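Chain naming here is simple, since letters A, B, ... match the order of the sequence lines and numbering starts at 1 in each. Just so it is clear, the values below take in all heavy atoms, side chains as well, and ignore hydrogens, waters and symmetry mates. Values in this document were obtained by computation on a predicted structure and should not be read as measured data.
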Amino acid sequence: MTEEFSKQYNPKETEDKWYKFWEENNLFSAKASPGKKPYCIVIPPPNVTGILHMGHALNNTIQDILIRYHKMKGFQTLWMPGTDHAGIATQNVVEKSLAKEGLKRQDLGREKFIERVWQWRQLYGSTIIHQLKKLGASCDWNRLRFTMDQEYSIAVTEVFVRLYEKKLIYQGHYIINWCPRCQTALSDEEAAHAELQGSLYYLKYPLKDNPQEFITVATTRPETMLGDTAVAVNLKDKRYKKYVGKTLILPLVNRQIKVIADNMVDMQFATGAVKVTPAHDPNDYKLGKKHKLDFINVLRPDGSMNESAGKFSGLDRFKAREAIIEELKSQGLLEKVEAHTLSVGHCYRCHTIVEPYLSKQWFVRMKPLARPAIDAVKKGKIEFHPQRWEKVYLNWMENIQDWCISRQIWWGHRIPVYYCKNCQAKNPKLGIIVSKTRPQKCPKCSSVDLYQDEDVLDTWFSSWLWPFATFYWPEAKEDLKYFYPTSVLVTAPEIIFFWVARMIMAGLEFKKQIPFKDVYIHGTVRDIEGKKMSKSLGNVIDPLEIVAEYGADALRFSIISITSQGQDVFLSKERFEQGRNFANKIWNASRFILMNLKPEDIRVDLCVFFKNEKLDIVNRWILSRFYSTLQKAEKELECFKFNEAANSLYSFFWHEFCDWYLELIKPQIDQRQTQVVMFKVLEKYLRLIAPFMPFIAEEVWQKLPGSKDSIMLQSWPHLQNELISSSDEGQIQMAFDIINAVRNMRTELEVPLSSRIEIKLALPDKLDGEMLAPLGPYIKNLAKIDNLVITGEYLPQKNEYAVALKNMHIVMPLAGIVDVASQLKKNLAKIDKLQSEIKTKEGMLANENFARRAPKEIVEEEKTKLNDMRTQLVKLEVIKNGLR
RNA sequence: GGGCGAUUGGCUCAGUUGGUUAGAGCGCCACAUUCACAUUGUGGAGGUCAGAGGUUCGAAUCCUCUAUCGCCCACCA
């Protein structure tokens, strides 16, 4: 026995030690091993700016469990780690730190600024990696990738060029989501819609011919009226028929605009007349194209009004809104204002309200990419867990829109497009050169006057290549061949569109193979009130604090056990106590076993041991329970039911192994077979719990006699069946029931454990009595019985107290005063309940339809139950008579 | 406007393909402490499974509707 076995488990002392041990022994590193089956997960790369939150903790614990489990199962496992350069987010962070020096990125210039970002990354970019290590993440850190790595960037460029050459990338003027704060275009997915309480303004536009006559239009963004170039009504709308083709005077700017007719206009909404601002609304844009209207941009990139806004020029968009409304009001052109809830896009990085903005951007044509990705899921090549996300995925894919991939920021992969000034001078549409490397001269005119596109690519344009670009694609390295397609992707629902869907498209397009077979979507981590955990809400539980206070194993175990498949996770700090307590339980049970272990006795081969040794029922029972727990946990792990697996392991260890088994064997702990069995069960159990709680598993494992290698290198236990017969199982269950009943009697009669008691077990069937006899010592021990008598039929006497258990009476002499009246009441209540249950059951069995349609085994089961209940009833009646 | 999820003891949640006596953790009540563990043990109280209807021999579980809460998607100005 080792001296350092404290009474309480102290995770702080062990966790860092074992993590270091694993790293130093290269236990996380993976090599392509053609003889072995690969199992690979690519980490959802956290942002370099990231700080570990509970979502990461959940996400990475799941992956770590999968990796560790499969490693023990004999797979060649690889968990590929890395970080994402997170273009906008990182640029924002660095700009903020510049701001503290009173600088803007423009003050530094592009090159210097990017240098600063790299410096920042050097200093802080690996924070989250260190934090992941605290959790116990078994990533192959030697492979750590970054989406801005040179090799990775080659893949990004390659993909851009290939798609361009396939005409799947194009440049064009379209309405995109523009963030005035970040001053860049965003994709549709990056503009998160949120409901806002706003107003619907009714504006009166006078007719040119008769300024006393108006058409009233409704808008939620009155400032855009400065860019109106038409008013549209529905063709069928009788109210407006006479105005179609007429000219209106746009107030404030006095522009003449036409009334046009289009069936896109909803007659029911507001006045049925809509102002058309082709440069600031996607629908209006379509109308503008269709009706050849002018496109007047009234906004600057920063969200203030531009020169086209006349006297409002320079005002912020929301200030301009107020000013315009005031002005219209004073001119009598504001009919009314209604409260109106509307859904508005917000920048997913800075939460600023985005503007639909007409600008020149690069796009990916998505429909052709989506088709095979839809098929892959429909045909079951890729499966979502839980399955319902499949629908979400398919719905999005089937309605997919083109992807705006250019960003007007500096931090990111520069778009590999070059322009020839000479060619462009002749025709602005020409002179575009798309090339993996910077061309020396224009291939058309040989001019050397070239410049590169200023924009960078959407961060997700690099992330979508993650499952293969991390293996240095387009090079065909051995690892890529061996580990791709990867096995499973573990992520949160929020990024199905951003990332999962696009990875599937990219995998199929560039590798001609799916990127992963299974997608496990876990829930979102929320606080106890159901709110998303976020820094701004101040409701964050910091995983590192939990690790410091309760231990990483406790964090891992708790978060897994409360996360049922696909449901959101509601967390409060107290919930981590369960994990901590469990770790402590494992610790103390191990401590107990090792304290009592005689090392010479346990060096046996378990298979041989089973054959040669005649195990007693308790040892057979715990082995059988162990193996059925193993089977159950394994099944649950295989179908991604992590919480159920964790809970199976928990209740086996705590309630069966500790509460029953260890208590049962205490008197016989020196016996050889008990020594072997308790040791083997512990030893094997540690392997089962290791994927969930790797630190304590390793710590205890290393204390076991004979352990040398890490528990990570042990194999997952194999199943052993038929250790215990069903009659054995019934027997031990009977013993447990008797023990429980006697314990309960003691409480009811207020007989303390210290009091000696005598118990009679009265069984009518002699055979039952004989079967039970070997369990007598166990019953005596756990129920603290001094004298246990097993007899045949026996009627409880006046001075005795009895309870009915199945077909037996448990009889105990009365000690002290018993409240006969309350006992009688309880007894009568039991009889009542039982009688009504019997009635139900009799009715059920008497029902011909039941007998005919229910499966035979169910009918048999029910018959047995009914018989048991009848026996029980007789026993209760006997007791009732005794109490009277 | 569509889609999805949730509704089970005081709280937070499980509950396999429908099988009849619905589970856990926390909390609560009572008892226990030289004997692995008070981060413990033992016993107990506490639920007509949101409501209504239906299918079925049998429903927490399947179907329909309703209510409440939450999430996602969509170009209603």
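- A donor and an acceptor atom never sit less than 3.5 Å apart when one is taken from the side chain of A:K7 and the other from the base of B:C37.
- In this structure, A:H655 does not reach the B:A24 phosphate: none of its side-chain N or O atoms is under 4.0 Å from OP1 or OP2.
- A:K641 contributes no side-chain N or O that forms a donor-acceptor pair with the base of B:A14 under 3.5 Å.
- If you look at A:F736 and A:W660, their ring centroids are closer than 6.0 Å.
- Heavy atoms of A:D659 sit under 4.0 angstrom from primed sugar atoms or phosphate atoms, though from no base atom.
- Among the protein residues, A:K391 comes within range of the sugar-phosphate backbone only, with heavy atoms under 4.0 Å from sugar or phosphate atoms but none that close to a base.
- Across B:A6 and B:G51, the matching C1' atoms stand 16 Å from one another, rounded to whole Å.
- At the heavy-atom level, A:C639 lies nowhere under 4.0 Å from the strands shown.
- Checked against the 6.0 Å centroid criterion, the rings of A:F640 and A:H385 qualify as a close aromatic pair.
- An OP1 or OP2 oxygen of B:C76 is reached within less than 4.0 angstrom by no side-chain nitrogen or oxygen of A:N283.
- Annotation: cation-pi pair A:K289/A:F295 present, NZ/CZ under 6.0 Å from the ring centroid and within 45° of its normal.
- Set against B:G43, B:A74, B:A77, the side chain of A:R743 has B:G43 as its closest nucleotide.
- Contacts of A:E577 with the nucleic acid, taken as non-hydrogen atoms under 4.0 Å apart, are absent.
- Among the nucleotides B:U39, B:U40, B:G15, the one closest to the side chain of A:E644 is B:G15.
- At a threshold of 4.0 angstrom between heavy atoms, the contacts of A:V392 with the nucleic acid are absent.
- Across all strands shown, A:N740 has heavy atoms under 4.0 Å from sugar-phosphate atoms exclusively, and none from any base.
- Contacts of A:F497 with the nucleic acid, taken as non-hydrogen atoms under 4.0 Å apart, involve only primed sugar atoms and P, OP1 or OP2.
- Nearest nucleotide to the A:R580 side chain, out of B:U20, B:A36, B:U39: B:U39.
- With no hydrogens or angles considered, no side-chain donor-acceptor pair links A:Q197 and A:T341 at under 3.5 Å.
- The gap from the P atom of B:U8 to that of B:G3 amounts to 25 Å, rounded to the nearest Å.
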